[in-house]
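Structure record follows, encoded as structure tokens.
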Amino acid sequence: MKIKDIFEKKRLVFSFEIFPPKTTTPLERIYETLDELKGLQPDFISVTYGAGGSTRDRTPQIAMDVKNKYGIESLAHLTCVEATREDTEKIVSFLLDNGVNNILALRGDPPEGARDNFVKGDFEHAIDLVRFLRERYGETISIGGAAYPEGHIECDDPIKDLHFLKQKVNAGVDFLITQLFFDNELFYRFMERAYIAGINVPISAGIMPVVSKNQIERIVTLCGASLPQKFVRILHRYADDPRALEEAGIAYATDQIVDLIAFGVKGIHLYTMNKAHVARRITSNISTLREAVPDPKGEKVLS
Ligand code: FAD
């Protein structure tokens, strides 16, 4: 089923993101994760596309298995980095031949350490990939895009960023998934701005449970997410106690999700970091809320 249709059918779309294991790690490792995630009944699982070819070859295979072996709707990430039209067509044909008709179209980032000398592909921005996919495949696929509640890290003007987002949606994006954030109020402000800008596709909130110290350093450098005082206190108190940090990280993410559902968000996208036990605990914490989401008809919903 196309993810566009899942958003139309369901009041709350609950999804997971996984990443392919490094090429030095057996592929089987991801199937152990998927064995556990399957029981949590996500509406779809997305599979990331590694930077600079690192794990790229594994993405279509895993995306296909999510759909066919596990019977879960699958969303394959695809990026512009170093991609030609021919490469992209090859991957999309493989996906379509194997029943995967959902693609998250991203610009991606140059491979680490190769910012200045990587091979540019045929697409510069995500919008170019979206246009290509829509023209080439029409409505046979559902296309998602990335959104940034705090603005994309390279863009110093949030209004400009929103303008580019609106153009990307107009080019054929059916739904958006946001970058992770830790301050729901920033997300709500973004939702308001998106609504005013006329961005009217469903927006899924990206939530990452922070359960290890390394994660934090990477997050702050890579995406510049703001860290609210409440979150910083948790880090200071529990950073050197892995079990306590995991407990606190799960509680914090749960708290964010409870509030987001109360707000009326259309989707929650959990960055699982391939930690199925963390996804299991969060899913269990919100199980009643998933079932009891009120019908948004007649209510003011911002997306
Ligand atoms: P774009 O939409 O192209 O935006 C990038 C920047 O360019 C922004 O600053 C924007 O304001 C600006 N811009 C956009 N259009 C134009 C234009 N026409 N002219 C001038 N400037 C413009 N990365 C991976 O490598 N693999 C993944 O699997 C992956 N999955 C992700 C999943 C999610 C949900 C998210 C939020 C991000 C993911 N990323 C992934 C990271 C993403 O690739 C990076 O954040 C990247 O820097 C931007 O990608 P984008 O698709 O948002 O790019």
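Just so you know, ligand 1 is whichever comes first in the structure, and atom 1 is the first atom listed for that ligand.
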**OP:** Give the contacting part of Arg107 toward ligand 1: side chain, backbone, both or neither, where contact means a heavy-atom distance below 4.0 Å.
**Re:** both
Original post:
Would a distance-only check, ignoring hydrogens and angles, find a side-chain to backbone donor-acceptor pair under 3.5 Å from Thr272 to Glu17?
Top reply: yes
Original post:
ligand 1 and His77, any nitrogen or oxygen pair closer than 3.5 angstrom?
Top reply: yes
**OP:** Report yes if some N/O of Gln167 lies less than 3.5 Å from some N/O of ligand 1; otherwise report no.
**Re:** no
**OP:** Report yes or no: does a heavy atom of Leu104 sit under 4.0 Å from some atom of ligand 1?
**Re:** yes
Original post:
Within the structure, does Leu106 bring an N/O atom to less than 3.5 angstrom of an N/O atom in ligand 1?
Top reply: no
Original post:
Against heavy atoms of Cys155, which atoms of ligand 1 measure under 4.0 Å?
Top reply: 9 (O), 11 (O)
Original post:
What about Phe164: any of its N or O atoms under 3.5 Å from an N or O on ligand 1?
Top reply: no
Original post:
Between Lys168 and ligand 1, is there a nitrogen or oxygen pair with a distance under 3.5 Å?
Top reply: yes
**OP:** May I ask you to check if ligand 1 and Asp109 share an N or O to N or O distance below 3.5 Å?
**Re:** yes
Original post:
Can you list the ligand 1 atoms lying under 4.0 Å from a non-hydrogen atom of Gln179?
Top reply: 36 (C)
Original post:
Run the salt bridge (Lys or Arg N to Asp or Glu O under 4.0 Å) check on Asp174 and Arg134 step by step: do they pass?
Top reply: CA-CA 11 Å; Asp174 295 318; Arg134 204 42 101 200; 2.9 Å; yes
Subject >> Carboxylate-amine/guanidinium proximity below 4.0 Å for Asp183 and Lys230 >> reply: no
Original post:
With atoms numbered from 1 as shown, which atoms in ligand 1 lie under 4.0 angstrom from a non-hydrogen atom of Thr79?
Top reply: 24 (C), 25 (O), 26 (N)
**OP:** Record the part of Tyr148 in heavy-atom contact with ligand 1 below 4.0 Å; permitted values are side chain, backbone, both and neither.
**Re:** side chain
Original post:
Does a side-chain N-to-carboxylate-O contact under 4.0 Å join Arg131 and Asp128?
Top reply: yes
**OP:** Give a yes or no answer on whether the side chain of Lys168 reaches the backbone of Ala146 with a donor-acceptor pair at less than 3.5 Å.
**Re:** yes
Original post:
Does Lys2 come within less than 4.0 Å of Glu73, counting only side-chain N to carboxylate O?
Top reply: no
**OP:** Report yes or no: do Leu186 and Ile207 belong to one cluster of Ile/Leu/Val/Met/Phe/Trp/Tyr joined by side chain heavy-atom distances under 4.5 Å?
**Re:** no
**OP:** Answer yes or no: is there a donor N or O on one side and an acceptor on the other, between the side chain of Glu36 and the main chain of Thr33, under 3.5 Å?
**Re:** no
Subject >> Atom indices of ligand 1 within 4.0 angstrom of Thr48 heavy atoms, with elements >> reply: 28 (O)
Original post:
Taking the inter-plane angle between the rings of Tyr148 and His152 on a 0 to 90° scale, is it parallel (under 30°), tilted (30 to 60°) or perpendicular (over 60°)?
Top reply: perpendicular
Original post:
Which of parallel (below 30°), tilted (30 to 60°) and perpendicular (above 60°) describes Tyr137 and Phe132?
Top reply: perpendicular
Original post:
Relative to ligand 1, is Tyr271 under 4.0 angstrom through side chain, backbone, both or neither, heavy atoms considered?
Top reply: side chain
Subject >> Where ligand 1 meets Ile177 - atom numbers and elements under 4.0 angstrom, heavy-atom basis >> reply: 34 (C)
**OP:** Indicate, as side chain, backbone, both or neither, the part of His125 found under 4.0 angstrom from ligand 1 when only non-hydrogen atoms are considered.
**Re:** both
Original post:
Do Glu291 and Arg11 sit within salt-bridge range, that is, some charged N less than 4.0 Å from a carboxylate O?
Top reply: no
Original post:
Which atoms from ligand 1 have a heavy atom of Ala146 less than 4.0 Å away?
Top reply: 35 (C), 36 (C), 52 (O)
